[in-house]
Amino acid sequence: MVEEAKVLLLGSRFSMFGMRAKIALAEKGIKYEYMEEDLTNKSPLLQEMNPIHKKIPVLIHDGRPICESLIIVEYIDMVWHSNYPLLPSDSYHKAQARFWADFVDQKVYHASKRVWISEGDEQEVAKKDFLQSLKQLEWFLGDKPYFGGDTFGFVDVALIPFYCWFYTYETFGNFKVEEVCPKLISWAKRCMQKESVSETLADGNDVYEAVVDYKKKFISN
């Protein structure tokens, strides 16, 4: 299969990391094949292409694997550089974009996961950390339409997939992101007007139902 497909993406329906790769490919207008992975029964291909972590997403280009979502997005941007650049050309602004995309992984992701996994005092701390990370991103966004300025870019791609998980975080944590970060929600709605985003993001209710089912199977006593 790998030899026959010039571009193949291994992903999972509700993974915000896989969504990043889909959005980047769509922004570039790249045709590709997609393989949905069952993360409870990982395919031999996934284990072969990402033998270190055995995680999705994996982009396979001409038979060669690229792993880790932000690396994949940057790879897509470099290889198909003439089609809608995602990273700025200026070195300083490029470094800033990488910093904030990494911030999403290091702060937003870990705090958001704790919101729906934990309970009690631990969950309250997670909610505080999660909302604080969003406030910091909102500060960086400022009055710009996108994190990339006037155009949808690298940091936007990194963060927007989390938007379809907001309903899950809000339901488990009993809060509303919009009450704390209204500019961020306006940004998210602006991003949703882009076909690459609206056709990629999962439905928020479907995400919530999948998380409830996951907790029943793997976390609940």
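For Asp90, the CG atom sits in a packed shell: over 12 heavy atoms of surrounding residues, nucleotides or ligands are nearer than 6.0 Å. The environment of Lys113 atom NZ is sparse: at most 12 non-hydrogen atoms of other residues, nucleotides or ligands sit within 6.0 angstrom. Counting non-hydrogen atoms of neighbouring residues, nucleotides and ligands closer than 6.0 angstrom, the CG atom of Asp121 reaches no more than 12 such neighbours.
Nearest heavy atom pair, residue Thr151 against residue Tyr146, reads O-CB, 3.5 Å. Contact between Lys183 and Asp143 at its shortest, heavy atoms only, is NZ-OD1, 2.9 Å. Between Ala21 and Ile72 the shortest heavy-atom distance is CB-CG2, 3.9 Å. The two atoms that bring Cys181 and Leu131 nearest to each other are SG-O, 4.4 Å, heavy atoms only. Between Asp156 and Gly148 the shortest heavy-atom distance is OD2-N, 3.3 Å. Nearest heavy atom pair, residue Leu86 against residue Asp77, reads N-OD1, 2.8 Å.
Here the side chains of Arg13 and Asp206 are in contact, with some heavy-atom distance below 4.5 Å. Contact annotation: the side chain of Tyr208 never approaches that of Trp165 to less than 4.5 Å [non-hydrogen atoms, C-beta and beyond]. When side chains are defined from C-beta on, Phe154 counts as touching Leu70, because their heavy atoms get closer than 4.5 Å. Two residues are said to be in side-chain contact when any heavy atoms from C-beta on lie closer than 4.5 Å; Leu9 and Met35 fail this criterion. Residues Asn50 and Pro65 form no side-chain contact, since every pair of their non-hydrogen atoms from C-beta on lies 4.5 Å or further apart. Looking only at side-chain heavy atoms (C-beta outward), Leu8 and Tyr34 stay at 4.5 Å or farther from each other. At a threshold of 4.5 Å between non-hydrogen side-chain atoms, the residues Tyr109 and Val104 do not count as touching. With a 4.5 Å cut-off on side-chain heavy atoms, Asp38 and Asn41 count as touching.
Rounding to the nearest 0.5 Å gives a distance of 10.5 Å between CD1 of Ile66 and CE of Met49. Atom CD1 of residue Ile71 and atom CZ of residue Arg20 lie 11.0 Å apart, to the nearest 0.5 angstrom. To the nearest 0.5 Å, atoms CD (Glu37) and CD1 (Ile56) are separated by 8.0 Å. In this structure, Ile76 CD1 and Tyr84 OH are separated by 14.5 Å, a value rounded to the nearest 0.5 Å. In this structure, OG on Ser89 lies 7.0 Å from NZ on Lys94, to the nearest 0.5 angstrom. Rounding to the nearest 0.5 Å places OG of Ser43 at 9.5 Å from CD of Glu48.
Cation-pi geometry between Lys28 and Tyr32 is not satisfied (NZ or CZ under 6.0 Å from the ring centre, within 45° of the ring normal). Under the 6.0 Å distance and 45° angle rule, Lys127 does not count as a cation-pi partner of Phe175. Both tests hold for Lys194 against Phe152: distance to the six-membered ring centre under 6.0 Å, angle to the ring axis within 45°.
Hydrophobic clustering (side-chain heavy atoms under 4.5 Å, transitive across Ile, Leu, Val, Met, Phe, Trp, Tyr) groups Met192 together with Met19. Tyr92 and Phe103 sit in two unconnected hydrophobic clusters of ILVMFWY residues. Membership requires side-chain heavy atoms under 4.5 Å apart, directly or through other members. Cluster membership check: Ile60 does not share its hydrophobic cluster with Met78, using side-chain heavy-atom separations under 4.5 Å among Ile, Leu, Val, Met, Phe, Trp and Tyr. Phe130 and Val125 fall into different hydrophobic clusters, where Ile, Leu, Val, Met, Phe, Trp and Tyr are joined by side-chain heavy atoms under 4.5 Å apart, directly or via other members.
Using the six-membered ring where Trp is involved, Phe140 and Trp100 have ring planes that are parallel, under 30° apart on the 30 and 60° scheme. By the 30° and 60° cut-offs, the orientation of the rings of Tyr214 relative to Trp116 is perpendicular. Relative orientation of the Phe147 and Trp187 rings is perpendicular, given thresholds of 30° and 60° on the angle between their planes. Ring planes of Phe166 and Tyr163: perpendicular class, angle over 60° (limits at 30 and 60°).
A salt bridge is absent between Asp62 and Lys6: the closest approach of a Lys/Arg side-chain nitrogen to an acidic carboxylate oxygen does not fall below 4.0 angstrom.
Judged purely by atom type and a 3.5 angstrom limit, Glu170 uses its side chain to pair as donor or acceptor with the backbone of Val177. Counting only distance, with no hydrogens or angles, the side chain of Gln123 and the backbone of Val115 share a donor-acceptor pair below 3.5 Å. For Gln47 (side chain) and Lys55 (main-chain N/O), no donor-acceptor pair under 3.5 Å exists by modelled atom type.
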_Evaluate Arg98 against Glu74 for salt bridge (charged side-chain N to carboxylate O under 4.0 Å, His left out), listing each step before the verdict._
CA-CA 9 Å; Arg98 287 173 175 149; Glu74 187 161 358; 2.3 Å; yes

